[in-house]
There are 2 protein chains.
Amino acid sequence: MSGAAPLHQRIRGDIETKIVSGDWPPGHRLPFEHELMEQYGCARMTVNKVMSALAHAGLIERRRRAGSFVRQPAGQSAVLEIPDIKADIVARGQAYGYELLSYRRRSASGLDLESIAVPAGADLLVLRCRHRAGPNPFALEERRIALAAVPEAAAVDFAANPPGSWLLQHVPWHEAEHQIAARNADSEVAAALGIAPGAACLVVDRRTWRSGAPVTSVRLWFPGTLQTFVARFTPAAGGR
Amino acid sequence: MSGAAPLHQRIRGDIETKIVSGDWPPGHRLPFEHELMEQYGCARMTVNKVMSALAHAGLIERRRRAGSFVRQPAGQSAVLEIPDIKADIVARGQAYGYELLSYRRRSASGLDLESIAVPAGADLLVLRCRHRAGPNPFALEERRIALAAVPEAAAVDFAANPPGSWLLQHVPWHEAEHQIAARNADSEVAAALGIAPGAACLVVDRRTWRSGAPVTSVRLWFPGTLQTFVARFTPAAGGR
DNA sequence: AAGTGGTCTAGACCACACC
DNA sequence: GTGTGGTCTAGACCACTTA
């Protein structure tokens, strides 16, 4: 079954096995490119591709003149999937429900700055909405949209369309920053989510930019018992 | 400043800009490799390297015979750094403190199965420890170690060494699964962390394998107000 | 059948780090 | 200097997919 695989894949597999098994412990110097070249009887670009990929994945570190070394697996990092709420609920086999709780258009005040970095006075859409899984509240969404970045949003009927889905389709690619924390539900959040005041909630804050300009920010409150984030990962040492 | 950059980096930057700016919206067909080759006056391997990297990053999708296309940015994903607790505290400029609260060696019972997938009766080390930042409790750690996978652990003095650090150094590379949730502190956790019972805590569960065999599992309780996880990310569409 | 991307070669020059 | 990795070339053959 490994006979049909591309050569670079086979080489990569061999090396990864050596590293993961501990056969080549952290700090161990890997063979030089020209050695692997001979060993596998291939061109240098082929081994270089493999080694570059391993370095990019954070498994090894490459130093000119010195060679390539197995990295210390310092610090855990995990790739979290933060699913689209609707898709997530549907994937659980439940009916997705959505309600717009409040809708305001107003100028940004100083209080908005910590959630969305727009200039004071900028035109904002401020929404609160609730997502339901079947009959049960699933998440409370506090959303701000910078109309300077997405003027079309002013005309959208967010009573019918969840802002997250709409934005995803109309602001194609962007940068984002996520922050995950735990907070006790205050009475307002508790009422909206149908949970006891003080219940632990998972709070996801997401801020989104497009070419440096803030587009939207959102705080999502999930009842702590309902939502968890799972991440399966390959160990990446601090890597870049 | 861009004149000195490697050519493939310049090409990649150009294409990413077009995509992120929305100039090439999702679904847009990118130029073929031979077109980019002409456009930049370079060899095909150079453009191929760029396009492969973009595909690997999830920004585009490549189909033989059809071409390369900008992907739909479906679903948020974020790379969370889950720092080593000691390194994290030190990085905040505080003194790191550590205490072993309890230590037991016993056989695995059915109750252990949900946290660490070892056979019933397997030899386990079960620890509880507390991490401090300066004088203040920072995290409570509930740790299980499968001695079948790491027999040396039985002889280690975990009153002096945090098990996380020791394991990191002695079980170099591994797979792990993380789960992040919010829970209310019960009275026991609250006492250990010096917080009010019921306070929201961020709970990180991590299970670790080495070549398929369970090595360790850990549950970390952080006071919700103290610890948050931040992730800055480049948009990755559901992809690989 | 044709055209795309996937892979690979056998060279080359260069930057950089260490000696 | 010397040897490593970083980058690039100008070809080539193949697999797959779609028309």
Side-chain angles (χ1 to χ4, degrees), chain A residues 1-16 18-19 24 26-72 236-240, chain B residues 1-16 18-19 24 26-72 237 239-240:
Chain A
M1 66 166 63
S2 59
L7 178 56
H8 69 90
Q9 218 168 89
R10 229 187 71 215
I11 300 177
R12 178 165 181 168
D14 288 355
I15 296 177
E16 278 183 341
K18 288 248 175 44
I19 294 176
W24 289 348
H28 178 90
R29 211 210 73 227
L30 276 68
F32 298 123
E33 293 193 350
H34 67 84
E35 292 175 323
L36 290 170
M37 226 174 112
E38 277 185 43
Q39 185 178 330
Y40 287 96
C42 67
R44 197 184 138 216
M45 269 234 60
T46 306
V47 280
N48 181 281
K49 184 174 186 168
V50 172
M51 303 287 272
S52 298
L54 289 172
H56 190 85
L59 224 65
I60 69 172
E61 188 184 345
R62 313 199 74 188
R63 290 203 304 272
R64 284 178 155 111
R65 169 75 212 213
S68 304
F69 302 84
V70 178
R71 284 187 66 156
Q72 290 285 350
R240 155 57 3 131
Chain B
M1 71 168 56
S2 61
L7 178 56
H8 69 88
Q9 220 168 88
R10 230 188 68 215
I11 301 178
R12 177 164 182 170
D14 288 355
I15 296 178
E16 277 183 341
K18 287 248 176 44
I19 294 177
W24 290 347
H28 178 90
R29 210 211 73 226
L30 276 69
F32 298 123
E33 294 193 351
H34 66 85
E35 292 175 325
L36 290 170
M37 227 173 111
E38 277 186 43
Q39 184 177 329
Y40 287 95
C42 66
R44 197 184 138 216
M45 270 233 61
T46 306
V47 281
N48 181 279
K49 185 174 185 167
V50 172
M51 302 288 273
S52 298
L54 289 172
H56 191 85
L59 224 65
I60 68 173
E61 188 185 347
R62 314 198 74 190
R63 290 201 306 272
R64 284 178 154 107
R65 168 75 214 219
S68 304
F69 301 84
V70 178
R71 285 187 64 157
Q72 289 286 347
R240 156 80 356 181

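Numbered from 1 within each chain, the chains take letters A, B, ... in sequence-line order.
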Practice prompt. Give me the residues of residues 29-37 of chain B where at least one heavy atom lies under 4.0 Å from an atom of DNA chain D, by number, or none.
Written response: none
Item to complete: Considering non-hydrogen atoms only, spot the tightest contact between B:Trp24 and B:Pro31 and give its length.
Response: CH2-CD, 3.7 Å
Worksheet item: Is a side-chain donor or acceptor of B:Glu38 paired with a backbone partner of B:Glu35 at a separation under 3.5 angstrom?
Response: no
Discussion item. Below 4.0 Å from chain A heavy atoms, what is the first contacting nucleotide of DNA chain C and what is the last?
Written reply: C:dT7 to C:dC18
Worksheet item: Whole Å only: how far is the CZ atom of B:Arg65 from the P atom of D:dA19?
Response: 7 Å
Response to the item:
Minimal heavy-atom distance between B:Met51 and B:Leu30, with the atoms involved, is CE-CD2, 4.0 Å
Fill in: Residue-level proximity of residues 42-49 of chain B to DNA chain C when a heavy atom falls under 4.0 Å
B:Arg44, B:Met45, B:Asn48
Practice prompt. Please report the closest heavy-atom contact between B:Phe32 and B:Gly67, naming both atoms and the distance.
Written response: CE2-CA, 3.9 Å
Worksheet item: At what distance, to the nearest 0.5 angstrom, does CZ of B:Arg63 lie from OG of B:Ser68?
Response: 9.5 Å
Fill in: Side chain proximity check, A:His28 to A:Lys18, heavy atoms < 4.5 angstrom
no
Discussion item. By the definition side chain to side chain contact (heavy atoms under 4.5 Å, CB included), identify the one residue from A:Glu16, A:Arg12, A:Arg71 that meets it with A:Leu59.
Written reply: A:Glu16
Practice prompt. Report which part of the nucleic acid B:Arg62 touches: base, sugar-phosphate, or nothing (heavy-atom distance under 4.0 Å, all strands).
Written response: sugar-phosphate
Discussion item. Give me the atom names and distance for the closest heavy-atom approach of B:His34 to B:Met37.
Written reply: O-CB, 3.2 Å
Discussion item. Quick one: does any side-chain atom of A:Thr46 pair with a main-chain N or O of A:Cys42 as donor and acceptor, under 3.5 Å?
Written reply: no
Worksheet entry | Pairing of B:Glu33 and B:Arg62 as salt bridge, 4.0 angstrom limit | yes
